[in-house]
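Contents: one structure, followed by commentary.
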Amino acid sequence: MSDPFELPDPDEPDFTRAPAPRAGGIAARARAAMGQPRYLEVLNPEQRAAVEAVDGPVLVLAGAGTGKTRVLTTRIAHTIATGRARAHEILSVTFTNKAAREMKERIGALAGEVAEGMPWLGTFHSIGTKILRRHAELVGLKSNFTILDMDDQIRLLKQVLQAENVDEKRWPARQLSILIDGWKNRGLEPERVPAGEAEAFGNGKGRRLYAFYQERLKALNAADFGDLLLEGLRLLRDNPDVLAEYQRRFRYILVDEYQDTNTVQYLWLRLLAQASPDRPQRNICCVGDDDQAIYGWRGADVDNILRFDKDFPGATVIRLERNYRSTGHILAAASHLIAHNEGRLGKTLFTDGVDGEKPTVQGVWDSEEETRVVGEDIEQLQRRGQSLEDVAILVRATFQMREFEERFVTLGVPYRVIGGPKFYERAEIRDALAYMRCVAQPTDDLAFERIFNTPKRGLGDAALQLMHEHSRRERIPLMLAARALSETEELKPKQRQCVRALMADFDRWSSLIDVKPHNELAEMVLEESGYTDMWQKDRSADAAGRLENLKELVRSMEQFPDLASFLEHISLVMERDTDSGEQKVSIMTLHAAKGLEFDTVYLPGWEEGLFPHQRALDEQGRAGLEEERRLAYVGVTRARKQAKIYFATNRRIRGMWQTTIPSRFLDELPADHVDVVEAASASYGGYAASRFNSIDSFASTYNTPGWQRAQQRNAATGARSGATSGFGASQRRSGPQTIEGELVAKASATSSFQTGARVFHVKFGNGSIVGVEGNKLTVDFDKAGRKMVLESFVQKAG
DNA sequence: TGCCTCTCTCTTTTT
DNA sequence: GAGAGAGGCA
């Protein structure tokens, strides 16, 4: 664990002189080997050029799977080995903690102990925090400021809205938080927000609300995520001496995923990278791929990468196009698809590897069939001995995940969902953290507000109101106000007693901070406050899991030297723990998949409206479409050996069945490199039925023999396509009459099972039926709890 | 305080 | 159509 405050100061009188090599350090070793360091030998010519172009501005356009991380890490090692800079003189920023961790590990493998001394390798936010804490007073904070999560942020905004008499129903705090985040991402302080935008919220009060919120943050000695960047920028902009200090310190700057930088991040980097008297060379190296820019919707600006050479004239641009991940057909498909985008810097991936199998496109009747077909396919892979770790399902939207989960539960295929609520976002974790925050910092009003009545202590809104009033009147933190109130007659006697007891508890816990190991203290706080008890008494299904999470939290505290550093990390870094060693299929969104790779990738839901998503088109127009297309590109390029694309003819959207049109992206795949799968099931015909019947179907440019065969088949069999479907006709809005007829017959068919009957399931054991819906049964299993299972998977119990 | 009902939303999400 | 959040009522 490195601390910026204890770093050796890099400000030596003579900067041009190479630092003295540390005995046994990478520099020494590299020089000893001289000439041809091993780490350079393993690179291809372009990678090597990217590593060796150390001085001056460099843009590395690294296509998917071209060894980007290798280049970044080798570059760092090389910069150090050639004596250009020491580890603490290199600023290296990433977007996610995962990326930062990975880089640290790989530098460690490459350069041994040097990586330990890379204090400035981290996410934009963590580095921003580090700098901000050092100079907090310059932006009106104290160095121990708290970092608010979204929950806190919204609660605070609610208070702001109330104080300003804005109708919370018309102008929800959530929406305001999104607005403010957006402004902060664009580097806009309240006074700089364009008038029109600011007035659009809260009857023209947008700017005032934003400004007031910032005031409240300062009063609470708190910063939200956006502030970590925006205040960091303001700090550098308004304090030339501070800026100069960091410009001097960071002799080399590296940026990962440059295409995802937003405006504040861009401005911040540009300030730091500016030429200065101490450092005439602007040694900044940005690595990215404009084709993988998929975060425009949260403020990332692809233009940052597109105009790099204008920001840094004379920049060296290096393209990495040799792909080491995917087969030829997969690359060809992805390249052809992304070529439909305009405004690219342009790259063409190639591989020396095999052509491999062509990506497949398969039409299915509905989402149910989609999950079934994918599920069966995965079982087949499994039988052939492929590890499920190498299999992923990448969806556009999270609602698609649930159906796959249900299917896998039915089939008994182990899976994991990546993404979803983070460990520290769970209510019980936040509550526990709030307790610890109160113990560590009695001035943390938001934390206190969160837990003062959790577990229930008979202190409600009225009590909170009183405390707030008192706190404002006396200008003291909430907890002190509570303490003061407990000595007056204002609270009911019972409440007074409660508050007094709680304060006594906090006093006791706080006094133990330096005495007791912090994980033991945490356990004690959770016990004595009655919090653990609350969940033990809770009879809901997830209570046990929550208790388990709390234990996990306490366990994880051991890795940190003290409570303060634990709290610092939890808000910025903590992630959900990886699970057991069992091999599992991964289910995640396309966004979450960036940077990952799998042998086999399933890409379901390629339909107009879902992918590309209608809202992206409506709200962002052409830019939205191009971002969706990049998302498709990201999806396909995740596959090493096999990419399987699906589209359903019918999908339930907002509870209503809708006939859908295959995604335009399908037509943008090169016919020569894609196989259209003719499903064994007759329901494939459903696709053509929808396409030919659909009102605004667009012209297909598809001409492969397989495609034409499929269409001919549809002409013949399309009419009975609904036979395999299990959903009710009444829910359908349009479609061929015959299909409706068959569906009615199917839907009205009664199950041979009845509510109350006892059944047996191979995986879940015995249980009682509590509901019947078509061929699906809801069963309360004696051991496994309530599950929905297909009728065909259970037997009547003896 | 807690429960019930009404209303609203329903893309992606890191820090 | 489902789930969350807010508001009303006992």
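On a predicted model such as this, the values are computed, not experimentally measured, just so you know. Chain identifiers are assigned alphabetically (A, B, ...) following the order of the sequence lines, protein sequences preceding nucleic acid strands; residue numbering begins at 1 within each chain.
The interatomic distance linking A/R101 (CZ) with B/dT14 (C1') rounds to 13 Å, in whole Å. For the pair A/F399 CZ and B/dT13 P, the computed distance is 13 Å after rounding to whole Å. Between the CD1 atom of A/I154 and the C1' atom of C/dG5 there is a distance of 12 Å, rounded to whole Å. Spacing between atom CD of A/Q614 and atom C1' of B/dT12 amounts to 15 Å, rounded to whole angstrom units. If you measure from atom CG of A/N262 to atom P of B/dT13, you get 17 Å, rounded to the nearest angstrom. Atom-to-atom, CG of A/L230 to P of B/dT15 comes out at 19 Å; the value is rounded to the nearest Å. Between A/L132 atom CG and B/dT15 atom P the separation is 18 Å, expressed in whole Å. One atom, CD1 of A/I653, and another, C1' of B/dC10, lie 11 Å apart when rounded to the nearest Å.
Taken from CG in A/L72 to OG1 in A/T94, the straight-line distance is 9.5 Å, to the nearest 0.5 Å. Here the straight-line distance linking atom OH of A/Y633 with atom CZ of A/R638 works out to 8.5 Å at 0.5 Å rounding. Interatomic distance, A/L610 CG to A/H613 NE2, rounded to the nearest 0.5 Å: 6.0 Å. Atoms CG and CG, from A/D431 and A/L553 in turn, are 11.0 Å apart once rounded to the nearest 0.5 Å. Taking CD of A/Q153 as the start and CG of A/L446 as the end, the distance is 10.5 Å to the nearest 0.5 Å.
Counting non-hydrogen atoms under 4.0 angstrom, A/Q265 reaches nothing in the nucleic acid. In this structure, A/K184 reaches neither bases nor backbone, as no heavy-atom distance under 4.0 Å exists between it and the strands shown. When heavy atoms are screened at a 4.0 angstrom cut-off, A/N453 is found touching the sugar-phosphate backbone but no base atom.
In this structure, of B/dT11, B/dT15, B/dG2, it is B/dG2 that holds the atom nearest to the side chain of A/K456. Checking B/dT1, B/dT11, B/dT15 against every side-chain atom of A/R396, the shortest atom distance belongs to B/dT11. When the nucleotides B/dT15, B/dT13, B/dT11 are ranked by their closest atom to the side chain of A/A397, B/dT11 comes out on top. Candidate nucleotides B/dT12, B/dT15, B/dT11 were compared by shortest atom distance to the side chain of A/T589, and B/dT12 ranks first. When each of C/dA6, B/dT12, B/dT14 is scored by its nearest atom to the side-chain atoms of A/T96, the top-ranked nucleotide is B/dT14.
Rounded to the nearest Å, the gap between the P atom of C/dG3 and that of B/dT12 is 16 Å. Look at the P atom in both B/dT13 and C/dA2: the space between them is 23 Å, to the nearest Å.
You won't find any donor-acceptor pair under 3.5 Å spanning the side chain of A/R298 and the base of B/dT13, going by distance alone. A donor-acceptor contact under 3.5 Å is not formed by the side chain of A/H613 with the base of B/dT11.
Applying the 4.0 Å criterion to OP1 and OP2 of C/dA6, one finds that A/K158 has a side-chain N or O inside that range. Residue A/N97 places at least one side-chain N or O under 4.0 Å from the OP1 or OP2 atom of B/dT15.
For DNA chain B, none of the residues of residues 620-635 of chain A falls under the heavy-atom distance limit of 4.0 Å.
Salt bridge annotation for A/K218-A/E231: present, with a cationic side-chain nitrogen under 4.0 angstrom from a carboxylate oxygen. At a threshold of 4.0 Å, the pair A/R615-A/D618 does not count as salt-bridged, since none of the basic side-chain nitrogens sits closer than that to a carboxylate oxygen.
Residues A/L631 and A/F611 meet the side-chain proximity criterion, which asks for heavy atoms closer than 4.5 Å.
Using Watson-Crick or G-U wobble geometry with both donor-acceptor distances under 3.5 Å, B/dT11 finds no partner in any strand shown.
No side-chain donor-acceptor contact under 3.5 Å links A/D301 to the backbone of A/T263.
Aromatic stacking is marked for A/W297 over B/dT12, as both cut-offs hold: 5.5 Å for the centres and 30° for the planes.
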